[in-house]
*Asks:* 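Here you go, one structure.
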Amino acid sequence: MTDWIDFAASLGMAIGPPLVYADQTFSIVRKKDATGFSRDVCAILLFANITRCFYWIGNHYETPLLIQAVLMICAQLILLYICILYRPLAAPETLGMSTRPFSFWQWNRYVQYLESLAAYITVLTIFILVLGRSTFFVEALGFLALGLESTLPIPQLISNYRQRSLYGFRMSTLVGWFGGDAFKTAYFFAKKSPLPFKVCAIFQLSIDFC
């Protein structure tokens with residue numbers, strides 16, 4: 001029985017978080033409108049999970065967590081494409097009014113987002129080749145990955161505040177965030193995951209309660 005529970009928990013950890021965004025994706029496709037969902041959520045999850053994959057190279061944490069990172073990258077690439085395809089007419093890049101340096105993450109073409117991710121992967125590859133034997137660097141990479149992910153709700157909160165509305169943001173995503181954070185916190189401690197997972201999970205759960 002214990003083995004089955006362990007398998008179910010690992011399976012849930014691997015596929016659960018990516019599936020949280022299925023309803024949000026279908027909602028955008030159904031309405032043909034991405035208004036209300038912050039593309040910065042995709043940015044955080046893509047950069048965080050790419051970093052987490054590189055963290056695994058230096059510290060072989062549990063396989064379900066690595067699978068989760070890969071599946072999340074795939075899910076967010078799909079969601080990002082759909083958000084760009086159905087971007088609102090008032091999007092900064094549509095109006096030419098982006099105030100970010102280099103219009104970061106507010107570009108017109110999907111390929112520009114892929115290029116930025118490719119550049120980030122190239123930089124991480126260089127660092128891991130040069131500093132991959134350093135325990136301090138590897139653990140710093142872990143804290144960077146999980147620290148980025150712990151800021152996940154912030155861009156959506158900002159988007160909702162600016163809109164003065166929750167329009168376009170699925171409550172299932174919010175419930176998934178809270179339930180997923182609670183589950184993964186328990187999972188990390190039960191599995192004795194590396195310290196960055198535990199610290200950042202507690203921080204993220206505290207943001208959910210706020």
Side-chain angles (χ1 to χ4, degrees), residues 1-30 37 41-83 117 121 124 128 132 135 138-154 156 169-210:
M1 179 64 72
T2 303
D3 290 341
W4 279 105
I5 294 174
D6 186 67
F7 174 77
S10 297
L11 182 64
M13 180 55 64
I15 68 174
L19 286 177
V20 165
Y21 297 90
D23 185 45
Q24 182 72 59
T25 302
F26 291 139
S27 175
I28 293 172
V29 172
R30 186 171 59 251
F37 181 75
V41 169
C42 297
I44 288 174
L45 287 171
L46 283 167
F47 284 103
N49 282 282
I50 288 171
T51 308
R52 195 200 290 188
C53 289
F54 278 88
Y55 176 47
W56 181 87
I57 295 173
N59 186 347
H60 286 10
Y61 52 79
E62 294 87 348
T63 301
L65 297 179
L66 178 62
I67 295 173
Q68 179 205 101
V70 174
L71 292 178
M72 183 64 82
I73 291 169
C74 296
Q76 293 307 310
L77 286 172
I78 294 170
L79 180 54
L80 176 62
Y81 177 80
I82 290 171
C83 285
L117 294 172
I121 291 171
L124 284 181
I128 204 74
T135 302
V138 171
E139 292 308 304
L141 203 60
F143 276 108
L144 173 62
L146 280 302
L148 272 174
E149 190 172 338
S150 68
T151 66
L152 181 61
I154 295 176
Q156 189 60 53
F169 179 63
R170 301 292 291 177
M171 291 307 295
S172 60
T173 304
L174 181 61
V175 172
W177 282 353
F178 181 79
D181 291 344
F183 176 75
K184 72 183 182 185
T185 300
Y187 180 90
F188 293 158
F189 278 91
K191 289 289 187 176
K192 297 181 173 58
S193 298
L195 184 62
F197 284 95
K198 298 175 183 176
V199 172
C200 294
I202 293 173
F203 176 72
Q204 193 167 356
L205 193 59
S206 67
I207 291 179
D208 292 339
F209 279 110
C210 292

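We count residues from 1, following the sequence as given. Since the model is a prediction, treat every value here as computed from it, not as a measurement.
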*Asks:* Using a 3.5 Å distance criterion without hydrogens, assess whether the side chain of Q68 forms a donor-acceptor pair with backbone atoms of M13.
*Replies:*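 Pair found, side chain donor or acceptor close to backbone of M13.
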*Asks:* Atom CG in L77, atom CD1 in I82: separation rounded to 0.5 Å?
*Replies:*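 Atom-to-atom, L77:CG and I82:CD1 are 11.5 Å apart.
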*Asks:* Roughly how far apart are C83 SG and I78 CD1, rounded to 0.5 Å?
*Replies:*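 That separation rounds to 12.0 Å.
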*Asks:* Determine the minimum heavy-atom distance between F54 and I128, stating which atoms define it.
*Replies:*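 Between these two residues, the closest heavy atoms are O-CD1, 3.9 Å.
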*Asks:* Mind checking what makes side-chain contact (heavy atoms from CB on, under 4.5 Å) contact with A14, not counting sequence neighbours?
*Replies:*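 Here the qualifying residues are P64, I67.
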*Asks:* Testing the basics here: between Y55 and E139, what is the closest heavy-atom pair and its distance to 0.1 Å?
*Replies:*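 Of all heavy-atom pairs spanning Y55 and E139, the closest is OH-OE1, 3.3 Å.
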*Asks:* When rounded to the nearest 0.5 angstrom, what distance separates CG in L11 from CG in D6?
*Replies:*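 Separation between the atoms: 11.0 Å.
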*Asks:* When you measure from the side chain of T51 to the backbone of F47, do you find a donor-acceptor pair of N or O atoms at a distance under 3.5 Å?
*Replies:*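 Checked: pair present.
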*Asks:* Regarding E62 and S10, is there a side-chain donor-to-acceptor distance under 3.5 Å anywhere?
*Replies:*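 Absent: no donor and acceptor within the cut-off.
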*Asks:* Going by heavy atoms in the side chains, are L79 and L45 under 4.5 Å from each other?
*Replies:*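 Answer no - side chains too far apart.
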*Asks:* State, yes or no, whether a side-chain contact exists between R52 and L65 at a heavy-atom distance under 4.5 Å.
*Replies:*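 A side-chain contact exists here, since the closest heavy-atom pair is under 4.5 Å.
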*Asks:* Enter the distance from I50:CD1 to L117:CG here, rounded to the nearest 0.5 Å.
*Replies:*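 Reported value, rounded in 0.5 Å steps: 4.5 Å.
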*Asks:* Which atom pair, heavy atoms only, marks the closest approach of I15 to L71?
*Replies:*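 Smallest interatomic distance, heavy atoms only, reads CG2-CD1, 3.9 Å.
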*Asks:* Answer whether the closest heavy-atom distance between the side chains of C42 and Y21 falls below 4.5 Å.
*Replies:*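 Contact flag for C42/Y21 side chains = no.
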*Asks:* Might you work through the side-chain contact (heavy atoms from CB on, under 4.5 Å) test for L141 and L124, ending with a clear yes or no?
*Replies:* CA-CA 9 Å; L141 203 60; L124 284 181; 3.9 Å; yes
*Asks:* Judged by atom type as modelled, is there a donor-acceptor pair below 3.5 Å linking the side chain of S150 to the main-chain atoms of G147?
*Replies:*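 Side chain of S150 to backbone of G147, a donor-acceptor pair under 3.5 Å: yes, one is there.
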*Asks:* Counting only heavy atoms not in F143 (residues, nucleotides, ligands), do more than 12 fall under 6.0 Å from its CZ?
*Replies:*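 More than 12 within 6.0 Å, yes.
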*Asks:* Could you tell me if the side chain of I154 sits less than 4.5 Å from the side chain of I44, heavy atoms only?
*Replies:*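 A side-chain contact is absent here, since even the closest heavy-atom pair is not under 4.5 Å.
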*Asks:* Is there a side-chain contact between C53 and I73, using heavy atoms and a 4.5 Å cut-off?
*Replies:*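 Contact flag for C53/I73 side chains = yes.
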*Asks:* Relative to the ring of F7, is the ring of W4 parallel (under 30°), tilted (30 to 60°) or perpendicular (over 60°)?
*Replies:*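 Taking F7 first and then W4, their aromatic rings stand perpendicular (interplane angle over 60°).
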*Asks:* Is the shortest side-chain heavy-atom distance between Y61 and S193 below 4.5 Å?
*Replies:*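 No. Closest side-chain heavy atoms not under 4.5 Å.
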